[in-house]
2 protein chains.
Amino acid sequence: MLSPLIALLERYMPLEPAERQALQELANQPRRFPAGADLVLEGDRPKEARLLLSGQAFRHKTLADGRRQIMSFHVPGELLDVQGLFMTMDHSVCALTPCEAAVIPHPKLVAMFEAHPRLALAFWRMNLVEGAVFREWMLGIGRRDAYARVAHLFCEVLIRLRAAGLSDGARAAFPVTQQHLSDALGLSAVHTNRVLQQLRGQGLLSFSGGELVVMDWAGLQAAGEFDPAYLHLSEAN
Amino acid sequence: MLSPLIALLERYMPLEPAERQALQELANQPRRFPAGADLVLEGDRPKEARLLLSGQAFRHKTLADGRRQIMSFHVPGELLDVQGLFMTMDHSVCALTPCEAAVIPHPKLVAMFEAHPRLALAFWRMNLVEGAVFREWMLGIGRRDAYARVAHLFCEVLIRLRAAGLSDGARAAFPVTQQHLSDALGLSAVHTNRVLQQLRGQGLLSFSGGELVVMDWAGLQAAGEFDPAYLHLSEAN
DNA sequence: GCCCGCATTTAACCCAAGTTAGCGCGATGC
DNA sequence: GCATCGCGCTAACTTGGGTTAAATGCGGGC
C-alpha cells in the first residue's frame, strides 16, 4: 500500500528488509479527500503526517486579498506535511484530483526515525529535493520571462510525472486549470493563456482537458532553458 | 566555537549534555573565506559540510546570461550545504563579508546523526525553516509588488539578524549592495533604487553603507504585509 | 435538451517595472 | 595627486505583462 513511497525512497537508497518492514508498519486505512479539499491546512499544528498515496495535490500560500502562489505539485509517495512534525503549517496543501492519503501519527514516525536513522536521512533527502525545486521556481519567477517560465514548468511536470510512473513518454494527466498554472508561475490567467497559445502554435505541446502532450521535447526544453539536474532524479546516494 | 549552531538548535530543542558534547566534537580549525569568495560551488559534490561560524553569506543560482537570483541570506550557525550530504550542489553560496566556516567531513556528521537521531531531527528542522523562507520569498516574488517586496525583505532581515544576536533593536549591519537586493527580489537595480527612496522618503527606514536602520517598524511591517510566523522563531518543539 | 457555471479565449487599454545611458562621488591604488 | 572602479542615483523611454470586460465554448445536472 505504501509502495509509491517505497519506490521513491528506494530510487536513491537500497532499503534493508528491516527498514522496508518498518515502513510497511506505517500503513493504515487511507483517508480519502475529494478534489478541491484541503489535505493540510495553514495555521494547523497537526498531530499526524499525511502521505499522499494516490491522486495529485498542490501546495500554496494565499494572501489576504486572494492573490495566491502555488509552490509545488505533488505526486503519490510524497509526505505532504513534514513541516508539521516540528512546527505550525505556514501554508496549505489542496487536492487537485480525488486523493488518498495515509495518516500517520507523529509519534509513530518519530519512533521509526529513531529506530532507523537511515530512514530519517532518506526522508530528509526527499525533503531536500523539494527545496531544490522551490529554488528553481524562485529563479524562474524572479528572472525568467513568461514564455520560458511556462515551458519550464511543463518540462518539470512531465519529468516528475514520468518518474512517478504516471506517464509513459510524452503524455500525462495534469489536471490543472490555466488559473492554477498562473498561480504557480506568478502570472495572470490572461497572459498564461497567451503564452500557452504561443507554445501550441509552435507545435511544442498541447494542453487541454487536463492532459499534457509534449510534441517537441527538445524544443520545449530549449524554450524553457530546462536542465533537469535540480530534480536530482538519477543521483544515487 | 560552535556556539552559534548550538544557540540555534537549542532555541527549539533543549539539548542533552551528550548531544551538546557530540556537537562540540564536530569543531575543528575553521576555514576563512574573503568577502566575495564562494563557500559552496554549484556542480560540486562535496565530501564535507560547511557550517557558517562568522560573517554573512548568500545562496544564489545564476543563469547562463548572468541573470541571477539570490535565494537566501545566511547568518552564523547555519549549515550551508546540507544538500551536499546527499547530492550534487545545484547552486552556490557566496560570502558577503569575510567569513569563517567549520568544514565537517560527511562521515563525521552522519555518524553523529546515527548516534543521536534527535540531532538529525534538529538539523532537519532548521532545514525546514529554510524551506519555509523559500516559500515566503516565492510568494513575494510571484505575487507582491516591488514596494511590498522590498519592505518585506527588510523586515525579515532585521528579525533574523536580531535572532542571531547581530542586532539589538532597529539597527543592523546588512552589507549588501542594491544589486544584491535586486537579485534577491527579482527586480532591476534601477527599480530597487526607486522603491528604496520611497521607503526612505516615508521615514520607514534608512539603508546605506551596508547598514539598515528601521525607523518605523509598524509602518515597514504594514508596507511589506509582513507576518513573521513563517520564520517559526518562537515555536518550541 | 436546456440552463447554469466554470474555463478558455479575445480585445483594448494601461501601468509597473525594465532598459539604457549618463553623472557624481567616495574608496582604492599607483 | 590623478586615474579607475564600483556603487548610488537620475532621467527618458520602452515593454512585458496586468486589468477589465465581454464573448465563446463546454460539461453536468435535472
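Every chain is numbered from 1 and lettered A, B, ... according to where its sequence line falls, protein lines coming before strand lines.
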**OP:** Return yes if some donor-acceptor pair links the side-chain N/O of Gln69(A) with the main-chain N/O of Ala184(A) below 3.5 Å, else return no.
**Re:**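 Confirmed, Gln69(A) side chain pairs with Ala184(A) backbone.
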**OP:** May I ask you to decide if Ala101(A)'s main-chain N or O and Arg50(A)'s side chain share a donor-acceptor pair within less than 3.5 Å?
**Re:**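 Checking the backbone N and O of Ala101(A) against the side chain of Arg50(A), no donor-acceptor pair under 3.5 Å is found.
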**OP:** Just jot down the ring-ring contact (aromatic ring centres under 6.0 Å, His included) partners of Phe134(B), sequence neighbours excluded, or say none.
**Re:**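 Here no residue qualifies.
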Original post:
Which residues, if any, of residues 171-193 of chain A bring a heavy atom under 4.0 Å of DNA chain D?
Top reply: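 Gly186(A), Leu187(A), Ser188(A), Val190(A), His191(A) - these, ordered by number, are the residues of the stretch whose heavy atoms sit under 4.0 Å from the strand.
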**OP:** Kindly state which residues belonging to residues 135-150 of chain B come within less than 4.0 angstrom of DNA chain D, counting heavy atoms of the residue only, listed by number.
**Re:**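 Contacts with DNA chain D under 4.0 Å: none.
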**OP:** Output yes when Glu42(B) and Lys61(B) qualify as a salt bridge under the 4.0 Å nitrogen-oxygen rule, no when they do not.
**Re:**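 So Glu42(B) does not pair with Lys61(B) through a salt bridge.
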**OP:** Would you mind checking if Glu78(B) and Arg59(B) are paired as a salt bridge, meaning a charged N to carboxylate O distance below 4.0 Å?
**Re:**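 Looking at Glu78(B) together with Arg59(B), the answer is no, because their closest N to O distance does not fall below 4.0 Å.
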Original post:
What residues in residues 197-205 of chain A put a non-hydrogen atom under 4.0 Å from any atom of DNA chain C?
Top reply: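 Heavy-atom cutoff 4.0 Å gives Gln197(A), Arg200(A).
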Subject >> Outermost DNA chain C nucleotides near chain A [under 4.0 Å, heavy atoms] >> reply: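 Contact boundaries, 5' end first: dA7(C) to dA12(C).
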Original post:
For the atom pair CD (Glu225(B)) and CG (Asp65(A)), what is the distance rounded to the nearest 0.5 Å?
Top reply: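 Here the interatomic distance stands at 7.0 Å.
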Subject >> Lys47(B) NZ to Leu85(B) CG distance, which is reported to the nearest 0.5 Å >> reply: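 The distance works out to 13.0 Å.
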Subject >> Atom CZ of Arg31(B) with >12 non-hydrogen neighbours under 6.0 angstrom >> reply: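 Counting other residues, nucleotides and ligands, CZ of Arg31(B) stays at 12 neighbours or fewer.
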Original post:
Which salt bridge (Lys or Arg N to Asp or Glu O under 4.0 Å) pairs, counting each pair once, include a residue from residues 192-208 of chain B, with sequence neighbours left out?
Top reply: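 Those involving residues 192-208 of chain B do not exist here.
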Original post:
For residues Thr97(B) and Gln56(B), is any side-chain donor paired with an opposing acceptor at under 3.5 Å?
Top reply: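 Looking only at side-chain atoms, Gln56(B) and Thr97(B) do not form any donor-acceptor pair under 3.5 Å.
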**OP:** Tell me whether the centres of the aromatic rings in Phe207(A) and His180(A) are closer together than 6.0 Å.
**Re:**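 No - the distance between ring centres of Phe207(A) and His180(A) does not fall below the 6.0 Å cut-off.
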Original post:
Parallel, tilted or perpendicular: which describes the rings of Tyr230(A) and Phe226(A), with under 30° parallel and over 60° perpendicular?
Top reply: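 Answer is perpendicular, since the angle exceeds 60°.
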